[in-house]
Q: 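To start, I am sharing the structure in question, which I have written as structure tokens.
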Amino acid sequence: MPETVVHFQIRMPPVLHEQLASWAKEEKASLNALIVGILEKAIQQHAKDAPSS
């Protein structure tokens, strides 16, 4: 975990929150860790998909 973290609030539908919380429980991870992991993977995929300059 980096020394500095940014706190960010997000609004989401309750059903999505329930699904993510369930997934995190299955993975034995915190909801925050799960969401950060999902976002990191999305950024990596975006970088792969981005056209080369």
Side-chain angles (χ1 to χ4, degrees):
M1 177 70 96
E3 286 185 31
T4 304
V5 295
V6 175
H7 294 268
F8 176 75
Q9 290 185 341
I10 185 168
R11 291 180 294 276
M12 68 177 76
V15 171
L16 178 57
H17 182 269
E18 291 169 14
Q19 292 169 326
L20 289 168
S22 177
W23 184 4
K25 189 174 182 179
E26 289 171 17
E27 298 290 326
K28 295 181 173 51
S30 69
L31 181 56
N32 186 79
L34 178 77
I35 292 171
V36 168
I38 291 168
L39 291 171
E40 287 172 339
K41 287 177 186 171
I43 291 293
Q44 290 170 359
Q45 188 62 48
H46 178 73
K48 286 182 195 174
D49 294 344
S52 301
S53 309

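Bear in mind that the values here come from a model prediction, so they are computed numbers and not experimental data.
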Q: So if you build clusters from Ile, Leu, Val, Met, Phe, Trp, Tyr with side-chain heavy-atom gaps below 4.5 Å, do L34 and L16 land together?
A: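 They do share one cluster, since a chain of ILVMFWY contacts under 4.5 Å joins L34 to L16.
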
Q: How long is the straight-line distance from NE2 of H17 back to CD1 of I35, given to the nearest 0.5 Å?
A: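 I35 CD1 to H17 NE2: 7.0 Å, rounded to 0.5 Å.
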
Q: Mind checking whether I38 and L20 have side chains closer than 4.5 Å, heavy atoms only?
A: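 I38 reaches L20 side chain to side chain.
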
Q: Under the side-chain hydrogen bond (donor to acceptor under 3.5 Å, both in side chains) rule, collect the residues that match up with Q45, sequence neighbours excluded.
A: D49

Q: Is it true that F8 and V5 fall in one hydrophobic cluster, defined by side-chain heavy atoms closer than 4.5 Å?
A: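 No.
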
Q: Find out if a path of hydrophobic residues (ILVMFWY) with successive side-chain heavy-atom gaps under 4.5 Å connects L31 to V6.
A: no

Q: Same cluster or not: are I10 and V36 linked, directly or through other Ile, Leu, Val, Met, Phe, Trp or Tyr residues, by side-chain heavy atoms under 4.5 angstrom apart?
A: no

